[in-house]
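Heads up, the thing below is written out as structure tokens.
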Amino acid sequence: MRIARFDSDRIGLISDARILDVTDLLAESLPAAPASLARRLVAHFDAVAPLLQRASEQRTTAEGLPLESVRLLAPVPDPPKIVAAPVNYRDHQEEMNEAHHISALGFFLKSPSSLLDPEGTVRLPYTDRRFDHEGEFALIVGRSASHIEPGRALDHIFGFTGLMDITMRGGEDRSTRKSFDTFTPLGPWIVTPEELGSPADVDLELKVNGRLRQKANTRDLIWSAARFLAYASSVTVLHPGDVVTTGTPAGVAPIEDGDTVELTIARIGTLRVEVSAEGAVPCPTSGAARGPVPPPARR
Ligand code: MN
């Protein structure tokens, strides 16, 4: 299944470039708030999956809206947390001149309020700092769990999506450099595990203004999605709707005002955003010349 959030917080199933609105069906079947409808869907998916399956099978080819006629939204608007992998591809470790990778660094957290919808605009806050794209393969946690056994980790995944971990370079803490509002584009939708197949063999590529900047396959991850998820759960209990992102490969480079950034993940789709520096001001912190040394800018 391909599950999208769109327009005014609607939920839809995507097939054949059309989106079938299942919002009313879900609203009747899921417990009432407080969480978003998307997060309640994730938490209670086993209960509503047969309904969705039936709706999908009974759909006639003319039913549903053309995908290009809707405005896609970040597939989960209110993740309890965003868990992210630092330095989880060797080629990225080399380009950043980093002495350590994930097995020494563990994970870091991004602010959930840094999420951005597909086709949204990344807003660069400062005039005098470097900001980079990081294209990543991410997963959405399906059930509450702690201390997951690595061999069972995939059972805890609701689905997969694309994520851009937009990053300010420098010496400030990662949680600062990566948590500015709009710094976590997410989408374009969620693909469930039975539709994606193995998360250990997924191609991803990122382009800026049509030029290829990053290209990788998840088989090159130092810690696989499953191993990283199991590890994260040994530190902090994971909840339905948590976003876990697996790290970026080599090719990180600056983004600037007016850029278009596209992350394409095989068997998922393309997440596209714009970049704006409108309203940027001088940076009030002094980490610019500290921290890992990023690769030189390639324009
Ligand atoms: Mn990253």
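In what follows, every heavy atom counts, from backbone to side chain, and hydrogens, waters and symmetry copies are set aside.
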Pair Val252-Gln214, side chain to side chain contact (heavy atoms under 4.5 Å, CB included): steps then yes or no: CA-CA 7 Å; Val252 300; Gln214 297 187 278; 3.7 Å; yes

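- In this structure, Ile82 and Pro112 approach most closely via the heavy-atom pair CD1-CA, 3.7 Å.
- The main-chain N or O of Ala145 is never found under 3.5 Å from a side-chain atom of Ser233 such that the two would form a donor-acceptor pair.
- The ring pair (Phe, Tyr, Trp, His ring centres under 6.0 Å) pairs that include a residue from residues 204-224 are Trp223-Tyr231, where partners are two or more places apart or lie in different chains.
- Contact between Gly241 and Pro79 at its shortest, heavy atoms only, is O-CB, 3.2 Å.
- The backbone N or O of Arg90 lies less than 3.5 Å from no partner atom in the side chain of Asp220, so there is not a single donor-acceptor pair.
- Of the possible polar contacts, none joining the Asp16 side chain to the Arg18 backbone as a donor-acceptor pair under 3.5 Å is found.
- The pair Arg10-Asp24 meets the salt-bridge criterion, with a side-chain N (NZ, NE, NH1 or NH2) lying under 4.0 Å from an Asp/Glu carboxylate O.
- Proximity of a side-chain donor or acceptor of Thr218 to a complementary backbone N or O of Val202 within less than 3.5 Å is detected.
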Between Leu51 and Leu26, does the side chain to side chain contact (heavy atoms under 4.5 Å, CB included) criterion hold? Intermediate values first, please. CA-CA 9 Å; Leu51 289 176; Leu26 291 174; over 6 Å; no

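- Looking at residues two or more places apart in sequence or on another chain, you find a side chain to side chain contact (heavy atoms under 4.5 Å, CB included) between Pro118 and Leu72, Leu271.
- Alongside Val87, the hydrophobic cluster contains Leu105 (criterion: ILVMFWY side chains under 4.5 Å).
- Residues His147 and Ser234 have side chains that never bring a donor and an acceptor to within less than 3.5 angstrom of each other.
- In terms of the side chain to side chain contact (heavy atoms under 4.5 Å, CB included) criterion, residue partners of Ala43 (sequence neighbours excluded) are, by chain and number, Pro240.
- The side-chain hydrogen bond (donor to acceptor under 3.5 Å, both in side chains) search around Thr245 returns Glu136, not counting sequence neighbours.
- Between the side chain of Ser111 and the backbone N or O of Ser113, at least one donor-acceptor pair lies under 3.5 Å.
- With rounding to the nearest 0.5 angstrom, the CG atom of Leu41 is 10.0 Å from the OG1 atom of Thr23.
- A donor-acceptor pair under 3.5 Å is absent between the side-chain atoms of Asp201 and the main chain of Arg219, judged by distance alone.
- Note that the CD atom of Glu205 and the CG atom of Asp203 stand 8.0 Å from one another [nearest 0.5 Å].
- Here the side chain of Arg123 pairs no donor or acceptor atom with the backbone of Asp181 at under 3.5 angstrom.
- In this view, Glu274 and Thr260 satisfy the side-chain hydrogen bond (donor to acceptor under 3.5 Å, both in side chains) rule, not counting sequence neighbours.
- Annotation: salt bridge (charged side-chain N to carboxylate O under 4.0 Å, His left out) contacts involving residues 189-199, sequence neighbours excluded, comprise Arg2-Glu195.
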Assess whether side chain to side chain contact (heavy atoms under 4.5 Å, CB included) is satisfied between Asp257 and Leu124, documenting all intermediate values. CA-CA 8 Å; Asp257 185 69; Leu124 306 181; 5.7 Å; no

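- Checking side-chain atoms of Thr161 against main-chain N and O of Ile190 turns up no donor-acceptor pair under 3.5 Å.
- Across all non-hydrogen atoms, the minimal contact from Ile265 to Gly162 is CD1-CA, 3.6 Å.
- Note on residues 140-150: pairs passing salt bridge (charged side-chain N to carboxylate O under 4.0 Å, His left out), not counting sequence neighbours, are Asp46-Arg143.
- The backbone N or O of Ala35 lies less than 3.5 Å from a partner atom in the side chain of Arg40, making a donor-acceptor pair.
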Could you walk me through whether Lys178 and Asp165 satisfy the salt bridge (charged side-chain N to carboxylate O under 4.0 Å, His left out) test, starting with their C-alpha distance in whole Å, then the side-chain angles of each, then the deciding distance to 0.1 Å, before giving a yes or no? CA-CA 7 Å; Lys178 294 164 173 279; Asp165 177 18; 2.7 Å; yes

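- Judged as a side chain to side chain contact (heavy atoms under 4.5 Å, CB included), and not counting sequence neighbours, the contacts of Ala38 are Arg5, Ile11, Ser36, Pro77.
- Scanning both residues, Ala250 and Glu95, for their nearest heavy atoms gives CA-OE2, 3.3 Å.
- Nearest heavy-atom pair across Gly159 and Pro193 is CA-CD, 4.0 Å.
- A donor-acceptor distance shorter than 3.5 angstrom exists from the side chain of Arg177 to the backbone of Gly170, with no hydrogens or angles considered.
- Listed by first then second residue, pairs satisfying ring pair (Phe, Tyr, Trp, His ring centres under 6.0 Å) with a partner in residues 156-206 read Phe45-Phe158, Tyr126-Phe180, Phe131-Phe183, Phe137-Phe160, Phe180-Phe183, not counting sequence neighbours.
- Side-chain atoms of Thr184 and Ser114 form a donor-acceptor pair, as typed in the model, at a separation below 3.5 Å.
- Taking the side-chain hydrogen bond (donor to acceptor under 3.5 Å, both in side chains) definition, one finds that Arg152 meets it with Asp155, sequence neighbours left out.
- By the side-chain hydrogen bond (donor to acceptor under 3.5 Å, both in side chains) test, Asp242 is found to be paired with Lys81, residues two or more places apart in sequence or in another chain being considered.
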